[in-house]
Amino acid sequence: MHGVIGQESISASIVGLNKRFSDLEIEQVDIEHDLALLTSNELKKNNRGLKVSRLQPSKQDKVSTIGYPLGILEQLTSTQLNLRTPPLKKLSTLLLKRDYKKMGDRKSPDINKEVLSIEGVLLPGHSGSPIFNANDQVIGIGNGGLKKGSVGISWAIPYGKINWASSISKKEELKHLKNLQSLNSFSDVQDSDGELLEWQEPRAGKMMTWNEANEYVEKMNRESLQGFSDWRLPAIGELQELAQVIKSVPGSYSGADKLYWSSEDFGPYSVEAKVVNLGNAQMEWYDTDKQVVTRPKKRRFSIRLVRSLI
């Protein structure tokens with residue numbers, strides 16, 4: 001559900017077969033398991049369905065998934081997955097502290113529900129993909145993944161635990177969830193050139209000098225922030241486009257009232273670099289009409305890291 005909630009329109013394409021299903025609607029939901037069932041009249045006529053298994057999964061079962069990883073227009077099968085021991089665990093036991101809080105606020109998925117614990121990382125875009133057992137039966141639906149050190153941990157919703165309800169009956173809950181997602185997200189943003197960027201989750205903390213910000217980048221890459229080690233300070237244009245996204249949801253992101261360091265300075269011996277106003281920052285009077293300003297590197301401003309998605 002986290003991939004479709006709040007979208008103005010939803011369509012699905014079968015790459016290579018030139019088949020497209022447009023005007024999909026959310027027909028049923030399981031909010032506690034972060035699931036949405038999409039449908040349309042055309043899809044109902046063409047959908048043959050998949051074999052499912054409601055049996056309790058066994059430990060060390062080999063599993064696989066088929067889907068379209070984010071940014072790759074090709075259907076890919078991932079077989080580098082195994083069920084962990086025990087296969088069913090409370091989601092809260094798998095999460096890092098920062099993820100624990102974010103999902104706890106959303107309550108979708110409910111971190112106290114049991115999920116399939118999978119060894120191996122589900123890629124962005126695999127949320128909602130079927131999880132198959134060795135007999136090609138669906139035993140779950142992919143939901144999320146993270147990296148703890150060098151160990152990949154993912155989770156899926158057990159098929160036998162899904163509890164569908166009409167989306168109409170959950171209208172108010174879905175509205176609340178949509179608002180939450182708008183307020184706290186802005187993680188994956190497409191820039192004007194069509195490149196997908198992943199932004200660091202909104203962070204609270206002390207501001208940094210420009211040199212401290214670059215040291216922070218190195219530290220976060222060593223620690224594999226959000227499971228990746230290719231983070232960087234954003235370019236001016238990337239921050240400006242993030243500001244436009246934030247602006248489209250008024251009052252949305254509390255960090256928008258700050259100035260953010262960009263990666264751009266004036267050479268290795270320069271004492272100044274450029275910062276960007278994400279929307280509501282109070283600048284000195286002579287900067288009121290500017291979004292990008294130059295400041296001494298020894299001054300302290302906010303940072304938010306970014307990485308390019310394939």
Side-chain angles (χ1 to χ4, degrees), residues 1-5 29-36 52-67 69-70 78-134 138-163 177 180-181 184-185 187-188 198-203 220-229 231 307 309:
M1 188 163 61
H2 66 253
V4 296
I5 189 73
V29 295
D30 182 343
I31 294 178
E32 292 182 339
H33 284 122
D34 188 31
L35 295 178
V52 300
S53 172
R54 295 179 180 272
L55 298 177
Q56 180 83 359
S58 302
K59 60 184 180 180
Q60 297 301 320
D61 269 3
K62 195 81 173 165
V63 295
S64 62
T65 187
I66 299 175
L70 192 63
S78 177
T79 58
Q80 305 300 313
L81 303 171
N82 294 291
L83 289 183
R84 298 169 67 85
T85 304
L88 289 175
K89 298 185 80 171
K90 279 190 176 182
L91 179 55
S92 59
T93 64
L94 303 179
L95 296 174
L96 298 171
K97 191 172 293 185
R98 61 171 180 268
D99 300 306
Y100 191 105
K101 183 182 185 306
K102 181 174 71 173
M103 292 189 185
D105 291 340
R106 283 173 52 92
K107 295 182 173 59
S108 177
D110 185 338
I111 59 176
N112 294 308
K113 295 291 185 181
E114 286 189 328
V115 295
L116 287 174
S117 176
I118 298 174
E119 185 176 53
V121 178
L122 293 177
L123 300 173
H126 270 155
S127 297
S129 294
I131 305 295
F132 297 98
N133 61 17
V138 178
I139 60 171
I141 298 176
N143 190 246
L146 52 86
K147 191 173 182 181
K148 286 187 176 181
S150 60
V151 181
I153 296 176
S154 300
W155 62 91
I157 306 305
Y159 192 88
K161 292 186 178 292
I162 299 174
N163 185 24
L177 191 61
L180 267 184
Q181 183 139 321
N184 300 326
S185 184
S187 291
D188 293 346
E198 179 179 6
W199 288 89
Q200 178 184 12
E201 294 292 341
R203 57 184 294 277
M220 292 300 98
N221 282 330
R222 287 196 303 269
E223 296 178 2
S224 296
L225 172 67
Q226 293 174 205
F228 298 98
S229 55
W231 296 95
R307 59 182 292 270
L309 290 172

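Nothing here was measured: the structure is a model prediction, and the numbers come from that model.
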- Note on the structure: Correct closest heavy-atom pair for I118 and A156 would be CD1-CB, 3.9 Å
- Message: Does any part of the side chain of P109, heavy atoms only, come nearer than 4.5 Å to the side chain of H33, both counted from C-beta?
- Response: no
- Note on the structure: Nearest heavy-atom contact between P130 and V138 is CB-CG2, 4.0 Å
- Task: Taking the side chain as every heavy atom from C-beta outward, state whether V115 and I157 have any pair of such atoms under 4.5 Å apart.
- Result: yes
- Query: Judged by atom type as modelled, is there a donor-acceptor pair below 3.5 Å linking the side chain of N163 to the main-chain atoms of D30?
  - Reply: no
- Message: Tell me the closest heavy-atom pair linking N143 and S127, and the distance in Å.
- Response: O-OG, 3.3 Å
- Closest heavy-atom contact between G67 and S129? CA-OG, 3.8 Å
- Message: I'd like to know if the side chain of W231 reaches the main chain of L225, judged simply by a donor and an acceptor atom lying under 3.5 Å from each other, with no hydrogens or angles considered.
- Response: yes
- So do L116 and L88 actually touch side chain to side chain, heavy atoms under 4.5 Å? yes
- side chain to side chain donor-acceptor pair (under 3.5 Å) filter on E114, not counting sequence neighbours, yields none
- What distance do Y159 atom OH and N133 atom CG have between them, rounded to the nearest 0.5 Å? 13.5 Å
- State, yes or no, whether a side-chain contact exists between I66 and F132 at a heavy-atom distance under 4.5 Å. yes
- Task: Write down the atom of E32, the atom of K113, and the distance for their closest heavy-atom approach.
- Result: OE1-CE, 3.1 Å
- Point-to-point distance, once rounded to the nearest 0.5 Å, from OG of S154 to CG of L81: 6.5 Å
- Message: Does any part of the side chain of K90, heavy atoms only, come nearer than 4.5 Å to the side chain of I111, both counted from C-beta?
- Response: no
- Item | N/O donor-acceptor pair under 3.5 Å between S78 side chain and T65 backbone | no
- Message: Side chains of K62 and N82, heavy atoms from C-beta outward: is any pair under 4.5 Å?
- Response: yes
- Message: Can a donor-acceptor pair be found, under 3.5 Å and without considering hydrogens, that links the side chain of S108 to the backbone of I31?
- Response: yes
- Query: I139 versus P158: any side-chain heavy-atom pair under 4.5 Å?
  - Reply: no
- At their closest point, which heavy atom of S229 faces which heavy atom of S224, and how far apart are they? CB-OG, 4.4 Å
- Message: Set out, in order, the CA-CA distance, both residues' side-chain angles and the distance that settles side chain to side chain contact (heavy atoms under 4.5 Å, CB included) for L35 and I141, then state yes or no.
- Response: CA-CA 9 Å; L35 295 178; I141 298 176; 3.9 Å; yes
- Item | Inter-residue atom distance Q200.CD - R307.CZ, 0.5 Å rounding | 12.5 Å
